[in-house]
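Just so it is clear: chains get the letters A, B, ... in the order the sequence lines come, proteins before strands, and each one is counted from 1. Heavy-atom basis, side chains included; hydrogens, waters and symmetry copies ignored.
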Protein chains: 2
Amino acid sequence: MATMADVARLAGVSVSTVSYALSGTRPISLSTRRRIEQAMTDLGYTPNAFARGLKSKRSRIIALLFPARPETSQRSALEYVLGASDQARRRGYHLMLWTHDVEAVDDLAQFAGQGLVDGALLMEVQPHDPRIQVLVDAGVPFAMIGHNADPEGLDFIDSDFGQIAGLAVHHLVGMGHRRMAFVGGPETGGPDGGRPEIREEETGAPETIGAVSGWVGTDGAADGSRVENAIQRAATSTGSEFVSVPAERSADGGREAFTRLMAKAPETTVIIVFNEHAVPGIMRAAKDLGRRIPEDLSMMSIDMPGHVAELTTPPLTTVGASAVEIGRGAVDLLLRRLDGDMAPARQLLFRGELNLRGSCAPVLNADHTPGETLT
Amino acid sequence: MATMADVARLAGVSVSTVSYALSGTRPISLSTRRRIEQAMTDLGYTPNAFARGLKSKRSRIIALLFPARPETSQRSALEYVLGASDQARRRGYHLMLWTHDVEAVDDLAQFAGQGLVDGALLMEVQPHDPRIQVLVDAGVPFAMIGHNADPEGLDFIDSDFGQIAGLAVHHLVGMGHRRMAFVGGPETGGPDGGRPEIREEETGAPETIGAVSGWVGTDGAADGSRVENAIQRAATSTGSEFVSVPAERSADGGREAFTRLMAKAPETTVIIVFNEHAVPGIMRAAKDLGRRIPEDLSMMSIDMPGHVAELTTPPLTTVGASAVEIGRGAVDLLLRRLDGDMAPARQLLFRGELNLRGSCAPVLNADHTPGETLT
DNA sequence: CTGAAAGCGCTTACAG
DNA sequence: CTGAAAGCGCTTACAG
């Protein structure tokens with residue numbers, strides 16, 4: 001590989017001149033610039049990333065911290081990753097994928113201390129995420145996809161679950177639904193499922209950028225519980241009944257949850273699911289009980305990629321924000337910090353959209369009295 | 001951040017001694033080693049990756065070259081990525097995700113010239129993949145996931161489509177199927193679909209490692225066509241009829257393909273699909289025609305992740321090799337090169353497995369004569 | 001068993 | 001508008 005010294009020699013200038021020509025940080029005469037450019041093409045010169053990083057303290061590499069076990073990946077995860085990767089490239093950065101155990105904090109500290117990355121993006125942020133303190137201690141700037149319990153002063157981008165819940169519930173109410181159920185992950189399930197108390201602190205100033213809406217507060221809960229709370233609030237505000245049933249992340253988990261749901265609230269007219277892996281089990285259990293979707297029971301899925309939602313029969317109506325766009329937005333948020341912006345933390349909520357497919361239908365007998373059986 | 005000089009000062013030794021203590025490349029007295037270790041913990045020292053990379057010419061970073069558009073990602077792609085990322089970590093390497101346009105070869109040349117990565121992994125390798133020459137020219141070692149038309153001398157790992165096709169066809173024949181159809185991507189479709197001629201060159205020595213079987217030759221075709229050819233060979237060797245219909249990668253593409261298939265070979269008893277996005281369209285079109293799956297028509301999907309196959313009704317029987325394992329294997333293949341192994345190229349085929357779900361059933365009227373209608 | 005020193009390939013004050 | 005030189009934080013012959 002040609003070095004900068006090679007280029008300088010061939011162009012008949014000093015190394016520093018080549019460097020300045022490359023960075024454009026000081027004026028170079030046209031003829032000199034031409035000779036340098038010619039020499040660079042002739043030699044096929046590419047600056048050495050390590051020498052550059054050693055001197056300038058900037059690597060132009062950002063890390064994507066992805067707490068995944070290869071076997072149990074969420075399906076929209078790829079979209080976050082590709083969105084972030086694509087945007088990083090557009091903005092001249094490399095993206096390092098760092099899959100890890102959320103609890104393996106020592107490894108992270110070491111990684112952060114290497115100075116390899118200029119900043120980090122955190123996926124699947126937990127309410128009390130141990131990674132945050134590690135990054136703060138290491139002085140590595142970061143932005144979160146999702147957020148922790150107390151995100152004050154921290155940059156993040158998240159789905160606007162309040163808006164998304166409103167969108168979902170409004171659509172369903174318009175179809176006559178008044179008895180709604182929510183199936184989330186094992187961490188959900190309301191009081192008997194260990195949901196943390198709702199704290200409605202109105203912190204920070206709302207902001208709206210593009211498809212992004214303002215941040216107004218946190219309830220300190222994990223994703224699933226936040227979605228659950230948002231749906232519950234939206235549902236009860238319309239006078240609808242609401243029940244929540246947790247489910248393991250598997251088809252069997254879905255079956256089981258459906259059984260519990262039928263025991264608890266047999267009159268349910270719509271199930272809103274935030275647990276991709278439980279979907280097949282729920283749909284099969286419903287079928288086994290003779291509940292046709294959507295005629296007898298509507299179903300809606302939150303944050304499910306469109307091509308996945310197409311696979312079920314009927315295809316699932318979904319609601320959610322674009323994972324690709326959130327991935328992109330996270331990169332922009334981080335690079336704003338890396339570019340030295342000292343402004344206060346920016347907390348962005350990304351608006352979702354409703355994608356109508358075939359799994360929601362009007363309630364036929366909207367005002368049937370409790371006690372009747374729908375089947 | 002503490003530097004090696006800080007550690008040396010605190011431990012009362014020279015910088016070189018600290019360096020040797022860290023690398024273990026020369027004997028250090030126990031007491032010295034102790035003092036150095038103490039100093040490192042006290043200072044929270046982590047070696048600077050850039051200084052190290054500049055001097056040693058090794059970054060311990062490998063790139064995963066992923067020619068993806070964020071919007072149209074294959075579902076098993078995440079599994080390759082996570083498998084590779086996980087294995088890289090285990091082996092002490094970082095994984096840089098490089099999503100790019102397959103044709104944007106200039107960008108790749110620049111990337112490769114930076115000396116940032118020690119090697120690269122290529123996903124979605126094309127028959128005449130322009131990336132290969134770029135990497136060879138840049139002197140960047142690489143391993144392929146999949147392979148090009150002429151992989152002689154190149155390391156790769158791929159699904160053993162011959163074995164996979166045999167597994168699939170054998171299972172189907174055992175159920176009485178004798179009229180098989182294949183639906184692949186737009187690049188498939190046999191002679192009228194532009195399939196390259198089959199060249200059966202027996203190159204290289206077969207090898208078997210773990211779940212990996214030996215490589216015996218290439219037909220110089222893209223993935224889809226190779227799968228198609230493998231299925232065709234397996235089918236005709238059992239005396240079965242075989243037709244192939246290409247499909248666009250979308251639900252509509254699937255519908256359309258199904259219509260063409262019914263015009264071409266209405267007696268078909270099983271469809272083998274290698275085109276995830278076409279699946280919903282095929283299934284709905286079949287249903288519209290009154291063809292029940294699996295009673296009237298069996299279906300099998302190649303290389304579809306299990307949790308995805310669970311979503312359809314009935315869940316899909318699948319056949320294929322583990323994408324996670326192939327991702328891991330690719331890393332091992334590359335690191336073997338990076339560790340200076342000068343042995344000849346290693347070409348590995350990964351065996352697939354059959355996952356029975358509910359979409360394949362015995363043919364009821366196995367010996368019906370042409371002219372009868374199954375519906 | 002340990003140290004002094006060169007040098008990896010850049011960037012960036014300093015000087016003109 | 002351009003150059004000579006220091007230095008980023010390591011690794012690794014060279015010397016003892």
query = Counting only heavy atoms not in B/R34, do more than 12 sit closer than 6.0 Å to its CZ atom?
reply =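 12 or below, so no.
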request  = Please state whether the base of D/dT11 and the side chain of B/R52 form at least one donor-acceptor pair under 3.5 Å?
outcome  =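 No.
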task = Please evaluate the base of D/dA13 for a donor-acceptor partner in the side chain of B/Y20 within a cut-off of under 3.5 Å?
result =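 Indeed there is one.
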If I take atom [atom1] in residue [X] and atom [atom2] in nucleotide [N], what distance separates them, rounded to the nearest angstrom?
X	N	atom1	atom2	answer
B/L22	D/dT12	CG	P	12 Å
B/R9	C/dG3	CZ	C1'	16 Å
B/Q114	C/dC8	CD	C1'	17 Å
A/R34	D/dC1	CZ	P	14 Å
B/M40	D/dG9	CE	C1'	15 Å
A/I36	C/dC10	CD1	P	13 Å
A/K57	D/dC10	NZ	C1'	11 Å
B/R58	D/dT11	CZ	C1'	14 Å

Between [N] and [X], is there an OP1 or OP2 to side-chain N/O distance shorter than 4.0 Å?
X	N	result
A/K55	C/dC8	no
B/S29	C/dT2	yes
A/T17	D/dG3	yes

With rounding to the nearest 0.5 Å, note down the distance linking [atom1] in [X] to [atom2] in [Y].
X	Y	atom1	atom2	answer
A/N148	A/Q133	CG	CD	11.0 Å
A/M40	A/L10	CE	CG	11.5 Å
A/S85	A/L121	OG	CG	11.0 Å

inquiry  = Strictly by Watson-Crick or wobble contacts shorter than 3.5 Å, is anything paired with D/dA15, and which nucleotide is it?
reply    =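 With both distances under 3.5 Å, D/dA15 matches C/dT2.
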If you only use heavy atoms from C-beta on, which nucleotide in [options] is closest to the side chain of [X]?
X	options	answer
A/L54	D/dG3, D/dT11, D/dC8	D/dC8
A/M4	D/dG9, D/dT2, C/dT11	C/dT11
A/A51	D/dC10, C/dC10, D/dC8	C/dC10
B/S14	D/dG3, C/dG9, C/dG3	C/dG3
A/S16	D/dG3, D/dT12, C/dG9	D/dG3
B/R26	D/dA15, D/dC10, D/dT2	D/dA15
A/P47	C/dC10, D/dT11, D/dT2	C/dC10
B/S56	C/dC10, D/dT12, C/dA15	D/dT12

message = Go nucleotide by nucleotide along DNA chain D from the 5' end; which of A/V15 and A/L30 gets its closest nucleotide reached first?
response =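 In this pair, the answer is A/L30.
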query = How do B/T32 and A/F50 order along DNA chain C: which one's closest nucleotide is nearer the 5' end?
reply =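 Result: B/T32.
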ask   = Would you say the side-chain atoms of B/S56 pair up with the backbone N or O of B/R52, donor to acceptor, closer than 3.5 Å?
value =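 Indeed, once roles are kept as given, a pair shorter than 3.5 Å links the two residues.
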message = Using a heavy-atom cut-off of 4.0 Å across all strands, would you classify A/S19 as base, sugar-phosphate, or nothing?
response =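 Contact class for A/S19: base.
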query = How would you label the contact of A/T25 with the nucleic acid (heavy atoms, under 4.0 Å): base, sugar-phosphate, or nothing?
reply =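 No contact.
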query = Hey, what's the ring geometry for A/F111 with B/H94, parallel, tilted or perpendicular (30° and 60° as the breaks)?
reply =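 Tilted.
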